[in-house]
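Position 1 is the first residue of the sequence, and the numbers go up from there. Worth saying up front: this structure is predicted, and the values here are computed from it rather than measured.
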Amino acid sequence: QVQLVESGGGLVQSGGSLRLSCATSGRTFSRNAMGWFRQAPGKEREFVAGISGSGVTTAYVDSVKGRFTISRDNAKNTVYLQMSSLKPEDTAVYYCAARKDSYLTRDLKRYDYWGQGTQVTVSS
């Protein structure tokens with residue numbers, strides 16, 4: 001059974017940092033594109049960052065460029081989202097997602113597996 005389990009969320013002050021982790025199990029995702037999405041209360045789920053199966057290509061939503069970094073450790077079957085200079089508007093539930101192929105996309109409809117999410121709250 002495929003599982004994606006996020007961890008690392010929590011409460012942090014504005015300007016602080018957090019590192020989210022997404023541990024995968026049930027199959028190998030070392031060649032699959034992975035993404036991080038977030039959903040704030042009353043808003044639609046949005047793409048935050050993604051990484052291709054090779055790890056060579058990454059993409060970010062404009063609002064987090066220069067502050068967030070996505071990376072992957074295939075030996076640990078884990079994808080990370082390093083978040084720095086956090087702002088109150090970054091407050092949301094953050095979800096990890098995986099595709100069945102290696103091509104990076106921002107379209108959440110093209111992701112096949114999802115984690116349960118981890119709450120990130122940034123206080124002002």
Side-chain angles (χ1 to χ4, degrees):
Q1 182 180 357
V2 173
Q3 280 193 313
L4 280 65
V5 180
E6 303 96 336
S7 62
L11 174 64
V12 64
Q13 289 188 335
S14 181
S17 298
L18 284 174
R19 187 177 80 158
L20 304 184
S21 299
C22 173
T24 67
S25 63
R27 61 166 283 178
T28 300
F29 285 98
S30 60
R31 297 181 181 179
N32 298 76
M34 303 289 294
W36 284 96
F37 294 77
R38 66 186 178 187
Q39 188 165 18
K43 295 188 177 181
E44 293 186 352
R45 193 171 298 189
E46 67 168 350
F47 173 84
V48 176
I51 187 166
S52 64
S54 67
V56 172
T57 304
T58 58
Y60 300 89
V61 68
D62 285 348
S63 60
V64 308
K65 283 181 180 177
R67 300 189 298 121
F68 291 11
T69 302
I70 188 171
S71 62
R72 64 192 305 160
D73 184 339
N74 288 335
K76 296 182 178 180
N77 295 318
T78 301
V79 176
Y80 304 97
L81 185 67
Q82 178 67 48
M83 306 186 295
S84 303
S85 302
L86 283 161
K87 305 175 181 180
E89 50 264 44
D90 294 319
T91 295
V93 177
Y94 283 71
Y95 297 90
C96 174
R99 298 199 67 203
K100 287 184 177 178
D101 63 37
S102 63
Y103 299 104
L104 176 58
T105 177
R106 298 168 184 257
D107 186 352
L108 62 85
K109 298 182 185 68
R110 297 189 177 188
Y111 284 79
D112 303 289
Y113 305 100
W114 290 84
Q116 293 299 307
T118 185
Q119 176 71 46
V120 171
T121 303
V122 184
S123 63
S124 58

If only atom types and distance count, is the side chain of [X] paired as donor or acceptor with the main-chain N or O of [Y] below 3.5 Å?
X: Thr28; Y: Ser30; result: no
X: Arg106; Y: Tyr60; result: yes
X: Asn32; Y: Arg99; result: yes
X: Ser52; Y: Leu104; result: no

How close do Ser17 and Gln82 get, heavy atom to heavy atom, and via which atoms?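 In this case the closest contact between Ser17 and Gln82 is CB-NE2, 4.1 Å.
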Common cluster, [X]/[Y], ILVMFWY with side-chain heavy-atom separation under 4.5 Å:
X: Met34; Y: Trp36; answer: yes
X: Tyr113; Y: Val93; answer: no
X: Val79; Y: Phe37; answer: no
X: Tyr94; Y: Val5; answer: no
X: Phe47; Y: Leu81; answer: no

Hey, is CZ on Arg67 packed in by over 12 heavy atoms from elsewhere, all under 6.0 Å?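 Above 12, so yes.
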Would you say that more than 12 heavy atoms from the other residues, nucleotides or ligands in this model lie under 6.0 Å from the CZ of Arg27, or not?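 Atom CZ in Arg27 is packed in, count exceeds 12.
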Within this structure, what is the [atom1]-[atom2] distance for the pair [X] and [Y], rounded to the nearest 0.5 Å?
X: Arg45; Y: Tyr111; atom1: CZ; atom2: OH; result: 13.0 Å
X: Met83; Y: Thr69; atom1: CE; atom2: OG1; result: 11.0 Å
X: Ser25; Y: Leu4; atom1: OG; atom2: CG; result: 8.0 Å
X: Ser63; Y: Glu46; atom1: OG; atom2: CD; result: 5.5 Å
X: Thr58; Y: Lys65; atom1: OG1; atom2: NZ; result: 9.5 Å
X: Leu20; Y: Phe68; atom1: CG; atom2: CZ; result: 8.0 Å

Mutual orientation of the aromatic rings belonging to Trp114 and Tyr95 [parallel < 30°, tilted 30-60°, perpendicular > 60°]: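 Ring orientation, 0 to 90° scale: perpendicular.
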Atom pairs and distances, side-chain donor-acceptor, residues 115-124, under 3.5 Å, sequence neighbours left out:
from   : atom 1 : to     : atom 2 : distance (Å)
Thr118 : OG1    : Gly9   : N      : 3.3
Gln119 : NE2    : Ala92  : O      : 3.4
Gln119 : NE2    : Thr121 : OG1    : 3.3

With a cut-off of under 6.0 Å to the ring centre and 45° to the axis, is Arg19 in cation-pi contact with Tyr80?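 Yes, Arg19 and Tyr80 form such a contact.
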Is the shortest distance from a Lys or Arg side-chain nitrogen in Lys87 or Asp90 to a carboxylate oxygen in the other one below 4.0 Å?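 Looking at Asp90 together with Lys87, the answer is no, because their closest N to O distance does not fall below 4.0 Å.
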Side chain to side chain, Val64 and Arg38, heavy atoms closer than 4.5 Å: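 Val64 reaches Arg38 side chain to side chain.
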Quick one: name the residues clustered hydrophobically with Leu11, using the 4.5 Å side-chain heavy-atom rule over I, L, V, M, F, W, Y, and just say none if it's on its own.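 The other cluster members (ILVMFWY side chains, heavy atoms under 4.5 Å, direct or chained): none.
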